[in-house]
Participant: 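Quick one: the structure is below, questions incoming.
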Number of protein chains: 2
Amino acid sequence: MRMTAQRKAILDTIRKLKTHPTADELYSIVKQFMPRISLATVYRNLEMLASEGYIKRLNLGGAEQRRYDGNPEHHYHVICLNCGQIGDVYLDEDLDINSHIIHSDEFLINKVHLEFWGLCPDCSKNLQKKEGKVHEH
Amino acid sequence: MRMTAQRKAILDTIRKLKTHPTADELYSIVKQFMPRISLATVYRNLEMLASEGYIKRLNLGGAEQRRYDGNPEHHYHVICLNCGQIGDVYLDEDLDINSHIIHSDEFLINKVHLEFWGLCPDCSKNLQKKEGKVHEH
DNA sequence: ATAAGTGCAAAGACTTTGCTTATTA
DNA sequence: TAATAAGCAAAGTCTTTGCACTTAT
């Protein structure tokens, strides 16, 4: 994998972000300092960087669009029910989900994907005051 | 919600299926006995039926397309890494994931989405013989 | 020098919407 | 008979691809 200017810009940018951007979000950011970059290049590089393990492609069930994570370390995510913002979740090693399975249609299970939904700090603060309703997700 | 012939056909069909069909799959099936039905009607009815609680809209991270489940009962899913087939998973009530969270970016967590990946009975049988490789997912 | 990558535009896949006609309650 | 839904086609979103040009090694 060649380290082109575009690829480096994308990797540096996603690493700096604590968010979990979509291709399009990243494109908007990188375009500010590399105006000729194309969205296709961003898509291609995100896939490439993910397949090489530099970043992670997220498969969040709750998200409409595909997102990527500049932190390839093993961890989970929480999606804000109100605004869609995504946070990181770390679990301890003691969790054993498989021992709680009582039926699995005879499938051999070999990995578990976990994702959390809740309220981000901002939204939980705001909703406390307003006692408002949380969006459906 | 009016019970139209189309809506009934869609609901009856998805209830009979043990699979977790996409709108398009359901459309193909229903069209066989109701040839004038349109794909838009299938999409609209699946969303409507899901919002009324008759069926469930699945948000599987691993799936490319949106899927629906004729069984609205609370349960989880397992996706075959090899063929994409989806099975049902039931867990016992003792599982407490929240107590294993060691960091959550200050989000208030209120639900957990779980999904399993593995091999369906057919694929695990076949792969045992061939010692073949499992597809990436 | 050459294989790999870029930009652009077009095509794809999936889903939603607008509008007219049909139908249920 | 009036509000809801269907059918059809068009439009929308997000993502991928083809191709000619460029660039890192």
Side-chain angles (χ1 to χ4, degrees), chain A residues 1-14 19-52 54-69 79 84 86 135-137, chain B residues 1-14 19-52 54-69 79 84 86 135-137:
Chain A
M1 191 181 67
R2 284 194 199 159
M3 198 41 74
T4 62
Q6 288 86 340
R7 189 161 291 160
K8 189 165 182 326
I10 291 166
L11 182 55
D12 288 352
T13 302
I14 195 174
T19 63
H20 304 75
T22 63
D24 201 68
E25 288 167 357
L26 220 27
Y27 172 61
S28 306
I29 297 169
V30 174
K31 205 163 54 155
Q32 290 171 18
F33 57 88
M34 187 179 269
R36 302 287 316 274
I37 198 170
S38 71
L39 181 55
T41 293
V42 175
Y43 270 105
R44 276 190 283 237
N45 277 311
L46 286 171
E47 288 302 301
M48 173 104 265
L49 290 167
S51 74
E52 300 285 324
Y54 290 94
I55 65 173
K56 228 167 179 179
R57 171 179 169 159
L58 303 183
N59 293 119
L60 301 178
E64 353 52 52
Q65 279 181 62
R66 186 183 306 153
R67 294 186 170 274
Y68 297 85
D69 192 339
I79 305 169
I86 295 169
H135 295 165
E136 278 298 316
H137 210 102
Chain B
M1 191 181 69
R2 282 196 200 159
M3 197 41 76
T4 63
Q6 289 86 340
R7 190 162 289 160
K8 189 166 183 325
I10 291 166
L11 182 54
D12 289 352
T13 302
I14 195 173
T19 63
H20 305 73
T22 62
D24 202 67
E25 287 167 356
L26 220 27
Y27 172 62
S28 306
I29 296 170
V30 174
K31 205 163 54 155
Q32 291 170 18
F33 59 87
M34 187 179 268
R36 302 287 315 277
I37 198 171
S38 71
L39 181 56
T41 294
V42 175
Y43 270 105
R44 276 191 280 237
N45 276 312
L46 286 170
E47 288 301 302
M48 173 105 264
L49 290 166
S51 75
E52 299 286 323
Y54 291 94
I55 65 173
K56 227 168 178 178
R57 171 180 170 159
L58 304 183
N59 292 117
L60 301 177
E64 352 52 52
Q65 278 182 61
R66 185 183 306 156
R67 293 185 170 274
Y68 296 86
D69 192 338
I79 305 168
I86 294 168
H135 296 166
E136 280 296 319
H137 210 102

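Just so it is clear: chains get the letters A, B, ... in the order the sequence lines come, proteins before strands, and each one is counted from 1.
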Participant: Measure CG/L46(A) against C1'/dT16(D) and give the value in whole Å, please.
Facilitator: 14 Å
Participant: Look at Q6(A) and dT23(D) and indicate whether a side-chain polar atom (N or O) is within less than 4.0 Å of OP1 or OP2.
Facilitator: no
Participant: Please enumerate all residues that pass side chain to side chain contact (heavy atoms under 4.5 Å, CB included) together with Q32(B), with sequence neighbours excluded.
Facilitator: none
Participant: Would you mind reading off the distance between I10(A) atom CD1 and dT6(C) atom C1', rounded to a whole angstrom?
Facilitator: 11 Å
Participant: Begin from the C-alpha positions of K56(A) and H20(A) and carry the test side-chain contact (heavy atoms from CB on, under 4.5 Å) through to its verdict.
Facilitator: CA-CA 10 Å; K56(A) 228 167 179 179; H20(A) 304 75; over 6 Å; no
Participant: Test side-chain contact (heavy atoms from CB on, under 4.5 Å) on I10(B) and V42(B) and set out the steps.
Facilitator: CA-CA 7 Å; I10(B) 291 166; V42(B) 175; 4.1 Å; yes
Participant: Calculate the interatomic distance between L39(A) atom CG and dT16(D) atom C1'; express it in whole Å.
Facilitator: 11 Å
Participant: Nearest whole angstrom, please: distance from the C1' of dG5(C) to the CD1 of I37(A).
Facilitator: 11 Å
Participant: Let me test you: for the helix from dA1(C)-dT25(D) to dA25(C)-dT1(D), what is the angle between the axes at its two ends (five pairs each), rounded to 10 degrees?
Facilitator: 40°
Participant: For a quick test of reading the model, state the closest non-hydrogen atom pair linking P21(A) to L26(A) and the distance between them.
Facilitator: CG-CD2, 4.0 Å
Participant: Measuring only between side-chain heavy atoms, which start at C-beta, is T19(B) closer than 4.5 Å to I86(B)?
Facilitator: no
Participant: Check the interface with nucleotides 22-25 of chain C: list each N/O to N/O pair with the protein under 3.5 Å, or write none.
Facilitator:
unit_1	atom_1	unit_2	atom_2	d
dT23(C)	O2	R2(B)	NH1	2.9
dT24(C)	O2	R2(B)	NE	3.4
dT24(C)	O2	R2(B)	NH2	3.0
dA25(C)	OP1	M3(B)	N	3.3

Participant: Can you list the residues that meet the side chain to side chain contact (heavy atoms under 4.5 Å, CB included) rule with Q6(B), with sequence neighbours excluded?
Facilitator: T4(B), M34(B), I37(B), T41(B), N45(B)
Participant: To the nearest Å, give me how far apart CD (E25(A)) and P (dT13(D)) are.
Facilitator: 16 Å
Participant: Atom NZ of K8(A) to atom C1' of dT6(C): distance rounded to whole Å?
Facilitator: 18 Å
Participant: Among residues at least two apart in sequence or on other chains, which ones pass side chain to side chain contact (heavy atoms under 4.5 Å, CB included) with I29(B)?
Facilitator: T13(B), L17(B)
Participant: Determine whether F33(A) and V30(A) make a side-chain contact, defined as any pair of heavy atoms from C-beta on separated by less than 4.5 Å.
Facilitator: yes
Participant: According to salt bridge (charged side-chain N to carboxylate O under 4.0 Å, His left out), does anything in residues 23-45 of chain A pair up with another residue at least two apart or in another chain? List the pairs.
Facilitator: E25(A)-R67(A)
Participant: Can you tell me how far apart CE (M48(B)) and CG (L11(B)) are? Round to the nearest 0.5 Å.
Facilitator: 12.5 Å
Participant: May I have the distance from N45(B) (atom CG) to dT15(C) (atom C1'), rounded to whole angstrom?
Facilitator: 15 Å
Participant: Under 3.5 Å, which N/O atoms of the protein pair with N/O atoms of nucleotides 18-21 of chain D?
Facilitator:
unit_1	atom_1	unit_2	atom_2	d
dG18(D)	O6	R44(A)	NH1	3.3

Participant: Looking only at heavy atoms, which two atoms of Y27(B) and S38(B) are closest? And how far apart?
Facilitator: CE1-C, 3.6 Å
Participant: Report the residues that fulfil side chain to side chain contact (heavy atoms under 4.5 Å, CB included) with Y68(B), sequence neighbours left out, ordered by chain and then residue number.
Facilitator: I14(B), L46(B), E47(B), I55(B), R57(B), R66(B)
Participant: Measure the distance from CE on M48(B) to P on dA6(D) and round it to the nearest whole Å.
Facilitator: 10 Å
Participant: Rounded at 0.5 Å granularity, tell me how far CZ in R7(B) sits from CG in D12(B).
Facilitator: 13.0 Å
Participant: Would you classify D24(B) as touching base, sugar-phosphate or nothing, given that sugar-phosphate means primed atoms plus P, OP1 and OP2, and contacts are heavy atoms under 4.0 Å?
Facilitator: nothing
Participant: Distances under 3.5 Å between protein N/O atoms and the N/O atoms of nucleotides 10-14 of chain C, please, pair by pair.
Facilitator:
unit_1	atom_1	unit_2	atom_2	d
dC14(C)	OP1	Q65(B)	NE2	2.6

